[in-house]
2 protein chains.
Amino acid sequence: MKKKPTISDIAKLANVSIATVSRVLSNSDYPVKEEVRQKILGISKEVNYKPNIFGKMLKGGSSKEIGVIIPSVTNPFYAQLVSAVEKQCINRGYIPLICSSYNNPKMEKRHIDILFQKQVAGIVMSTIRKDDPFLNIEAHDKNVKVVLFDQTRTDLQYDSVSFDFRKGGYMAVDYLIQCGHKDIAFLTAPIDRKSRKMILEGYKQALKINGIMYNSKRVIISSMIGTNDSGEFEYENGKTLARLLLQDKVLPDAIVTINDMTAIGIIRELTSEGIEVPKDVSIIGFDNISISSMITPSLTTINQPSYETGTLATKMLLDRIEGKEIETNNIVMKPTLIKRDSVKKIEKETRQ
Amino acid sequence: MKKKPTISDIAKLANVSIATVSRVLSNSDYPVKEEVRQKILGISKEVNYKPNIFGKMLKGGSSKEIGVIIPSVTNPFYAQLVSAVEKQCINRGYIPLICSSYNNPKMEKRHIDILFQKQVAGIVMSTIRKDDPFLNIEAHDKNVKVVLFDQTRTDLQYDSVSFDFRKGGYMAVDYLIQCGHKDIAFLTAPIDRKSRKMILEGYKQALKINGIMYNSKRVIISSMIGTNDSGEFEYENGKTLARLLLQDKVLPDAIVTINDMTAIGIIRELTSEGIEVPKDVSIIGFDNISISSMITPSLTTINQPSYETGTLATKMLLDRIEGKEIETNNIVMKPTLIKRDSVKKIEKETRQ
DNA sequence: CTGAAAGCGCTAACAG
DNA sequence: CTGTTAGCGCTTTCAG
């Protein structure tokens, strides 16, 4: 009465062997007389039988769990993504183990260790390790599938869902130029990530194609290195960047930056200095987190589809886990421009 | 070479019995000759031994995991809270299993079932079930500790970390009155939760104490019932509420609402109708999510300390799991007023 | 179709 | 101090 019923309890009650019970309860396609099957099913409902996963696991089955490694759920971009992962998992009977690395390689390794120990079926992750000795070995040694998203690595043979940051940067700047802006600043955290580097490249490319001189003075890089990746930090960094920008006496026409949270920080700092957005300066963000449409002025931005990324990455992972032998798949999500109110359209005539 | 080393592999390599290896590797205080101990430790490093949790678990040990049930990580309030839980867990060697219920009782039950199956050591949760047959039975039957937060239930003997919503509502309204506002509207989602009911009570109480007539016309309740608890929904609900409010030809002096996301939605809708905040109408939110300080105008609000709540709830749970026999503990967090820019101070003289 | 029995990796008596 | 052994709950041969 006190402890959980096991198959052997059920076996006794049904007057059959534990093997038979196991066959029925684990949905084996093994033949069992329908009458017996029903009896066992009935009893197991009655006693509220719940299989003990550990027993199963010991036999070597892989758990229906997948690891999800992200910088932090506190960052709305990743919260969205996690939400998508969760939904896919539920649909297909898996359980996501959510691990925040806070952009700390030590933590990341720790989480990966734990996930392996738990014998997860797979991992979807946004790694920040540039050097791979670890990831590579471990993942191949055990048979744990891995799908990378967000930050990917071409040196590893993993499936991935990445994003065309370069094009995103390009689109942002190009749009600003189409709106009549010429003096366009790029405000960024340190270029220690491929994504930022790519956006900067897109920025340069758009200037070039539109015949605007690249001016390194207009690329402002903060020195703050975030230990975590929460929105908090990015917001503060935005304020810092705005202050750096204001050291220059002439304001640019427009600002492009590496994510929406940073953009919001920039707007806030500028506003508190009496500079209006978009009247005095236009700004365009990156990511399209949900809050961006809610603030005033609503933020024009480059959409990086977090929900779709999470959905796709999870689907790929689960497909692979379930043995659908697909080739290594590297999906690149396309940026789209979300026009809102933080960019002003300048009539050609009014500019000197 | 291919498969994971087990204690018996190590035992062979070290020429000792598996029992000795087990004693060393599981940090038992059982006496083992230092020499042997070192040898075993050395070998286990070499072969990169990782204990198989399932073997341990089978013996009945409880896993070092705790379940965390919240409406959704997409809601910044809960994202913060989860972040705090994670940190506590890491400090003390536990792993949090994060489960989003999306305010769906079915999901909630499903998650609880799964958590029990996994034999988690405990659960910290924000339940939305009013009727308990389920929670109660299960939790007592197995020896899983439970700590409730956010929404609590007095009918169950669980530890809890709750919040004084009534006082929060009171403080919000009282502050508005101190600022010179008299006609104060309360905009809310359906009063199907204790938290909302309590805030409304605080609202009424503050009016009463300050000698202002309660006007039921100024309590605006939307009919939208959210299936999920993402910020998205609350934001939309805010817009809906603002539209309902505008059906009345005379605008109130100030608005108090049930959470910051809703407040942001209200502000957005009012702004798009040409009504300025706080010039034309003041507004005060509830929760103090991080974004509230970042928007323009920054949102005056009642602080509900999500991080501290998560920290405390987790500490209590882990303490209880680890056998520190404390009495049932019901902590009530106190609201604080965060003054920012969305409330205007009206000089007494200028009001007629 | 059904049952007996051998483990999966580990811990914990118990016996040296 | 160390080794032997009996399970924990379940799946899975292998024999009926």
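Naming: A, B, ... by sequence-line order, numbering from 1 per chain.
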If you look only at distance, which donor and acceptor atoms sit under 3.5 Å apart when one is on a side chain in residues 312-320 of chain B and the other is two or more places apart or in another chain?
{"residue": "B/T314", "atom": "OG1", "partner": "B/G310", "partner atom": "O", "Å": "2.6"}
{"residue": "B/D319", "atom": "OD1", "partner": "B/R92", "partner atom": "NH1", "Å": "3.3"}
{"residue": "B/D319", "atom": "OD1", "partner": "B/R92", "partner atom": "NH2", "Å": "2.9"}
{"residue": "B/D319", "atom": "OD1", "partner": "B/K324", "partner atom": "NZ", "Å": "3.4"}
{"residue": "B/R320", "atom": "NE", "partner": "B/D159", "partner atom": "OD2", "Å": "2.4"}
{"residue": "B/R320", "atom": "NH1", "partner": "B/I326", "partner atom": "O", "Å": "3.3"}
{"residue": "B/R320", "atom": "NH2", "partner": "B/D159", "partner atom": "OD1", "Å": "3.1"}
{"residue": "B/R320", "atom": "NH2", "partner": "B/D159", "partner atom": "OD2", "Å": "3.3"}
{"residue": "B/R320", "atom": "NH2", "partner": "B/I326", "partner atom": "O", "Å": "3.0"}
{"residue": "B/R320", "atom": "NH2", "partner": "B/E327", "partner atom": "O", "Å": "3.1"}

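A close approach under 4.0 Å does occur between a side-chain nitrogen or oxygen of B/T20 and OP1 or OP2 of D/dG3.
C/dG9 atom P lies 15 Å from atom CD of A/Q117, rounded to whole Å. Going from atom NZ of A/K12 over to atom P of C/dA4 covers 13 Å, rounded to whole Å. Atom CG of A/D9 and atom C1' of D/dC10 are 13 Å apart (whole Å).
Remark: A/K64 engages A/Y94 in a side chain to side chain contact (heavy atoms under 4.5 Å, CB included) (not counting sequence neighbours).
A salt bridge between A/E65 and B/K118 is present, with a side-chain N of the basic residue lying under 4.0 Å from a carboxylate O of the acidic one.
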Decide side chain to side chain contact (heavy atoms under 4.5 Å, CB included) for B/Y102 and B/S100; before the verdict, give the C-alpha distance in whole Å, the side-chain angles of both, and the deciding distance to 0.1 Å. CA-CA 6 Å; B/Y102 297 97; B/S100 298; 3.5 Å; yes
Report the C-alpha distance between B/T311 and B/Q88 in whole Å, list the side-chain angles of each, state the deciding distance to 0.1 Å, and finish with yes or no for side-chain hydrogen bond (donor to acceptor under 3.5 Å, both in side chains). CA-CA 6 Å; B/T311 304; B/Q88 282 307 309; 4.7 Å; no
Would you mind building the protein contact string for nucleotides 10-16 of chain C? One character per nucleotide, 5' to 3', B for base within reach (heavy atoms under 4.0 Å), S for sugar-phosphate only, - for untouched. BBBBBB-
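For the residue pair A/D9/A/Y49, the side-chain donor-acceptor check at 3.5 Å is not satisfied.
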